[in-house]
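Only this structure's heavy atoms are used, side chains among them; waters, hydrogens and symmetry mates stay out. Letters A, B, ... mirror the listed sequences (proteins, then strands); counts begin at 1.
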Amino acid sequence: MFRPSHFAAVLLFALFASVVFGITQRDTPPRMLRYGVYCFVLFAGSAIVLSWVMFFIAR
Amino acid sequence: MATTPNKVSTAPEETQQGFVYLPLIAGWLVPGAGHFLLGKWGRGALLAVSILSMFGLGIAMQGKLYGGAHDILDILGLAGDLGNGILYFISRIGGWGADQVQVTTADYGSRFIVVAGLLNVIAAVDAHNLRTERKA
């Protein structure tokens, strides 16, 4: 059984979803790459920010 | 970071030959197949690897495959799982995945499987848009 940490699961999810979003939502390879990176940063960045928000709320 | 939406092509569809929904159906049944049919080998390979990896990791995490519709959440889960096309049916026949979610990673796995299905639907619709020349 594969048991990734929560953060590893977030990164894997962000990677695969960003690849599909990049390819399907833009029409030229450079724009696909840029949009894919943009989505990945938003996925991973929002997870990190929300984690810190929840950390401070829980204190 | 600023992003701009795609330009919508207004090319006529009359130049296309054959069954126009074939890439859509093939893309739903087999991830990336819709793009392969249109000769978009690189895009198809990336889509196939991403969707198959996400589905495979979901199964490896002992994610749940939704089999019945007992409440609204099960119906939504089943709809997402069905997006995986033939992978879903093979997995059901093979008895892959878990019947009950018992550990946290299995819950992640269930989400991975559902989202893989939803991403596959997006990819299949993209193949259809390429076929109808709505997208370059």
A.B. asks: Among A:Val19, A:Ile23, A:Leu12, which residue has the highest count of heavy-atom pairs closer than 4.5 Å to chain B?
C.D. replies: A:Ile23
A.B. asks: Compare every heavy atom of A:Met1 with every heavy atom of B:Ala106, then report the nearest pair and how far apart it is.
C.D. replies: N-CE, 4.4 Å
A.B. asks: What residues, two or more places apart in sequence or in another chain, satisfy side chain to side chain donor-acceptor pair (under 3.5 Å) together with B:Asp81?
C.D. replies: none
A.B. asks: Could you check whether any side-chain heavy atom of B:Met54 comes within less than 4.5 Å of a side-chain heavy atom of A:Val20, counting everything from C-beta outward?
C.D. replies: no
A.B. asks: Contact part of B:Val125 toward chain A, heavy-atom cut-off under 4.5 Å: side chain, backbone, both or neither?
C.D. replies: neither
A.B. asks: Report yes if the side chains of B:Tyr108 and A:His6 come closer than 4.5 Å at any heavy-atom pair, otherwise no.
C.D. replies: yes
A.B. asks: Can you tell me how far CG of B:Leu119 sits from CZ of A:Phe21, rounded to the nearest 0.5 angstrom?
C.D. replies: 6.0 Å
A.B. asks: If you look at every heavy atom in B:Phe112 and A:Phe13, which pair is closest and at what distance?
C.D. replies: CZ-N, 3.9 Å
A.B. asks: Should A:Phe16 and B:Val115 be marked as a side-chain contact (heavy atoms from CB on, under 4.5 Å) after you check the CA-CA gap, both sets of side-chain angles, and the distance that decides it?
C.D. replies: CA-CA 10 Å; A:Phe16 298 133; B:Val115 173; over 6 Å; no
A.B. asks: When you group the ILVMFWY residues by side-chain heavy-atom contacts below 4.5 Å and let the links chain together, are B:Tyr21 and B:Ile86 in the same group?
C.D. replies: yes
A.B. asks: If hydrophobic clusters are built by linking Ile, Leu, Val, Met, Phe, Trp and Tyr wherever their side-chain heavy atoms come under 4.5 Å apart, do B:Ile113 and B:Val30 end up in the same one?
C.D. replies: yes
A.B. asks: Which atoms of B:Ile51 are under 4.5 Å from chain A, going by heavy atoms: the side chain, the backbone, both sets, or neither?
C.D. replies: side chain
A.B. asks: Check the hydrophobic clustering (I, L, V, M, F, W, Y; side-chain heavy atoms under 4.5 Å; chains of links allowed) and say if B:Trp96 and B:Val101 are grouped together.
C.D. replies: no
A.B. asks: Is there a continuous path of hydrophobic side-chain contacts, each under 4.5 Å between heavy atoms, that joins A:Val49 to A:Phe7?
C.D. replies: no
A.B. asks: How long is the straight-line distance from CG of B:Asn129 back to OG1 of A:Thr24, given to the nearest 0.5 Å?
C.D. replies: 9.5 Å
A.B. asks: Taking all non-hydrogen atoms of both residues into account, name the closest pair between A:Gln25 and B:Lys135 and its distance.
C.D. replies: N-NZ, 4.3 Å
A.B. asks: What distance do A:Asp27 atom CG and B:Arg134 atom CZ have between them, rounded to the nearest 0.5 Å?
C.D. replies: 14.0 Å
A.B. asks: Looking at side-chain heavy atoms only, is the closest gap between A:Phe2 and B:Thr105 below 4.5 Å?
C.D. replies: no
A.B. asks: Just wondering, more than 12 heavy atoms not from B:Asp99 lying within 6.0 Å of its CG?
C.D. replies: no
A.B. asks: Under a single-linkage definition using a 4.5 Å side-chain heavy-atom cutoff for Ile, Leu, Val, Met, Phe, Trp and Tyr, are A:Leu15 and B:Val49 assigned to the same hydrophobic cluster?
C.D. replies: no
